[in-house]
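Presented below is the structure to which this report refers.
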Amino acid sequence: MKWMPKFLLILVLIGNFIVNISTVVATDINTAVTTSLENENDFLNSLKESQASLPDQRELLTQKNQTLTSLMQPLNQLKQSEGITSTTIKNGDFELHGNYSFDDTADSGSVKLNWGKLPNLADGYKVKRSTDDVNWEEISSNYGKKVKILNVYPNDAKYLKKWMEPFADSIEVDEVSLEEFNKNYKYYIKDDGSSIYDGLYFGSADSNGGWVAGVNDLTEKSQPVVAKFADTGRSIILGHDTITTAGQGGHPWFNTFAPKLDLWVKDLKNQNNNYTMGANYIWLSGTKVKFIDPNGDLAQYPNKGLSGEMEIQRTHTVDQYYLYNSDAIRWMVFLPTFSNNGSGSFNEPDYLYDNQGRKVGDDNWYLITKNNYAMIQTGHTTGACTDDEAKIIANTIYYTSNLNTSNSGTDPKADDKAAPNAPTLTSNDTNNDKFDLTINSRDNPSYYYYQVTGNVNDKTTNKTIPKYSDVIQQQVLSDIKGYFYAIDSNSNPGTNAANVKYKDSDPSKVDTSAANFLKVTQPNTNGNSATLTNDQLLKNSKNYIHVVAVDRDNNISTVQTQKISDLVSSNRSVKVKVWMDSNYNGIIDTNEKIKDNMPIHIFKKNTDDSYEELQQTTNSTIKTGNDGTCSVNNLQSNTYYVGLKISDCRAMFPTVSGGKSISQLINNKVNTISHDNYFLTTAIIVNKDNDNNTVNLGLIDQLGFISIKKLPQLDFGVSLIPYSGSIRLPNTNPNKDENTLTIEDNRTSLQADLSDYFVPYKVNIQLSAFKQGKEKGLQGSSITLTFPNENTVTVSSEQTDKQLLLTQQPSQNTEDTTKFKNISLNVPQKSIATIIKPGTYTATMTYEIENTP
């Protein structure tokens, strides 16, 4: 144990066997144990300065109690506006080229097509599209162009032009009454079906204005011309009560177009009459409709996002059935509860059955199309159309206008339908105590095939000959829009672990304004990354992060789930040195001893303020070596705390620079994961700029807080010693301070809750030999101290070993006082060996405070 400097007691013999003993109190001695971060403030300040000098490349986003930094790494300079060019897979009669690009402002992608011009073109071009180069469909390629429509209205019900006013830049509407059209159809359509119009729109009134042939219906002459117009690829849109049940008297010439839409209509001739209607002969009506496929082509242009419930003016179907095995597309249906043209209520449509009782169709439809034909139920409420209905009609006009009279076209319906790859997560070191996580994914493309057809006039044969363009393959790749992420304690990815948010509860539209969405601002075809900086990540390192990638067509990848602690770089280290800081200045001085075999523990602090010990230090196998140092390796960039378990440094205390204080240390039993007591340093930042930190832990033992405040004042006066015996200290009185030993104990003033941490201490005494001048005398003499309880301690001048005087247990007292009942000098019997000559004799009494195990 460490020995304190000496307290001296001098025994003086004066004159004829006169003995005089006095005391000399030495300088107070301090011994203690300390811990500190050497130059901690300088370290932190320099770190901040170095950080401030760096260019700020981050855009800070504050969301609730988190600070997110969305860092966008430099992206490949390939500009999306340059697009992705097509590949020719089959040569044709004329060239065809394609290019896909995504418009961030419109938030949609499109394929732009251009083709060679055919000489002697009969009318226009039709564009076919396929997703497998096997099954083809004709599509409109007039998107972005102004479409010209002729509204053939019944009676005076000319409403379409007003309804399309919001789309006047895209749709031009001319008007003619049905009666006038039947008389002068050649003014509008040539014999070969060509026309200045891209489409015809019939209807807009209940019963199509009535049941008068030639006024509310086409005629025997006009119907074939309209059919030929449609054969060119131009649009035919039929409004409410154009095609209708023959049981009402009907419109027989409009009804000839029912097979073009695969509609089954009651009492209509030349259709499968083995079908039977249900028992309820109803007019299924309503005022709310929805898209069955809100991502379908018709819902995309010029009005995008026509999904969910949409308000319409009341209308109905009547004995008109959509067939399930049809090639027609049922785009929109009425939402229940239905009514019978406004009266009653029911939730099921009327079904159509085959002769085996199987359902083959039903009457719940609001809008159906097949190729360039469409029928929409707008018009029952004569002249009325909601804003939603106007958008639906505008989209239907474009969707069914399949003939293109120019040499270029656009397909805005070629969506990227392939989900991106699951993201990869890579951690980055930072210049602070935060954590950068780079999230990267690569989008996957969809593939479309295109071919253009056109008829040319052969002057030799006076016939039209079809011509076919090249077949091209077009890659459609929208690229990454951003990433959703979530942090929790669940290791199971789950179906929505990344907490994907949807806009307006529409699963086809992600909410990019959500707090947990990181947006990529410049997508490119070489993979897109965003960086999440979040000071909560490291504090939640025992948790998991779940991330999904979202491309700009709102396809969502599978979930990438990883434990946060597995992501952070683990190639950092902290070096710890422990020494006995005898002058408690927090600096390793050359004469100070190192402390070997001291177990070292490293902690992280979690968001709940608990301290989580790193696994590699929990078993106490990392200890200081012979040089007092050890290294803790494979650390992640993080903020750490070095800890000494209190039970490992019993009766020693950490120091901080400049004094024996432990006020900056944390003695936390409740919040450490193991529920042990530790002395913890202040925060230590470990990252790429602060690797291999050295943490100096100075220790002082408890004797630095224990000192002798008062010693007995021994003065035996003048005594004659003619024989052996005891000489009592004159005027010995237990109540007098002259006979008092006082020990000042400042240990408990440090931290009261460490009272059970202190170890008992001893006070030892030693008596030197008596001398007269340079000669020994009073050989064999001793001094006996008698305690108030009659116990005694005798120390001999002939005995060199220390003698136990007092064992003091830990106490809450600030000082411990002993007033001796009696102190006596014991003189041996005179002999040759103990000759006592007259004179003055002196001796030294040494007091020592000693630690005990």
Side-chain angles (χ1 to χ4, degrees), residues 1-5 28-40 574-603 613 617 620-632 640-669 672 676-684 693-707 745-751 753-761 810 849-853:
M1 306 296 291
K2 182 174 176 64
W3 293 82
M4 301 300 295
D28 287 346
I29 301 169
N30 298 318
T31 318
V33 186
T34 72
T35 304
S36 79
L37 277 175
E38 189 174 279
N39 300 323
E40 174 191 345
V574 168
K575 186 177 181 180
V576 182
K577 185 166 187 175
V578 185
W579 86 101
M580 301 307 299
D581 188 15
S582 59
N583 60 0
Y584 48 84
N585 64 355
I587 301 173
I588 304 176
D589 299 312
T590 56
N591 62 336
E592 291 176 330
K593 296 181 179 180
I594 57 90
K595 181 69 177 175
D596 62 356
N597 205 37
M598 177 63 71
I600 298 300
H601 304 265
I602 304 291
F603 291 86
E613 185 175 358
T617 68
S620 300
T621 57
I622 298 180
K623 299 181 180 180
T624 56
N626 293 333
D627 60 352
T629 66
C630 69
S631 291
V632 182
Y640 296 98
Y641 303 81
V642 176
L644 298 178
K645 187 179 289 187
I646 290 181
S647 59
D648 290 333
C649 49
R650 187 133 160 103
M652 295 184 291
F653 298 98
T655 61
V656 292
S657 180
K660 53 181 181 180
S661 167
I662 63 170
S663 61
Q664 295 185 33
L665 298 168
I666 303 167
N667 169 30
N668 195 316
K669 182 175 181 180
T672 54
D676 287 328
N677 276 316
Y678 289 86
F679 288 127
L680 300 180
T681 63
T682 50
I684 302 163
N693 294 270
T694 296
V695 180
N696 294 318
L697 300 178
L699 301 177
I700 56 176
D701 63 37
Q702 68 173 356
L703 292 179
F705 304 95
I706 305 171
S707 60
D745 184 357
N746 291 317
R747 295 173 302 170
T748 56
S749 64
L750 298 172
Q751 282 186 236
D753 59 345
L754 291 179
S755 60
D756 61 349
Y757 167 73
F758 306 134
V759 299
Y761 61 86
I849 300 177
E850 179 187 14
N851 268 338
T852 60

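The model shown is predicted, which means the values in this text are computed figures rather than measured ones. All values below were derived from every heavy atom in this structure, side-chain atoms included, with hydrogens, water molecules and symmetry-related copies excluded. All residue numbers in this chain count up from 1 along the given sequence.
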Looking at residues at least two apart in the chain, or sitting in another chain, which of them share a side-chain contact (heavy atoms from CB on, under 4.5 Å) with [X]?
X: Lys593; value: none
X: Asp589; value: Asn583, Asn585, Ile587, Asn591, Glu592
X: Thr629; value: Lys575, Lys577, Asp627

Can you tell me how far [atom2] of [Y] sits from [atom1] of [X], rounded to the nearest 0.5 angstrom?
X: Asp701; Y: Met652; atom1: CG; atom2: CE; answer: 8.0 Å
X: Ser707; Y: Asp745; atom1: OG; atom2: CG; answer: 9.0 Å
X: Tyr761; Y: Ile706; atom1: OH; atom2: CD1; answer: 6.0 Å
X: Asp596; Y: Cys630; atom1: CG; atom2: SG; answer: 11.5 Å

With a 6.0 Å cut-off on the ring centroids, do Tyr678 and Tyr641 count as close? no
What I'd like to find out is whether the side chain of Ile684 reaches to under 4.5 Å of the side chain of Val695, using heavy atoms alone. yes
For [X] and [Y], which heavy atoms make the closest approach, and how far apart are they?
X: Met598; Y: Val578; result: CG-CG2, 4.4 Å
X: Pro599; Y: Lys623; result: CA-CG, 3.8 Å
X: Ile594; Y: Gly625; result: CD1-O, 4.4 Å
X: Leu680; Y: Gly643; result: CD2-CA, 3.5 Å
X: Lys595; Y: Leu699; result: CG-CD1, 4.2 Å

Are the side chain of His601 and the backbone of Thr617 linked by a donor-acceptor contact shorter than 3.5 Å? yes
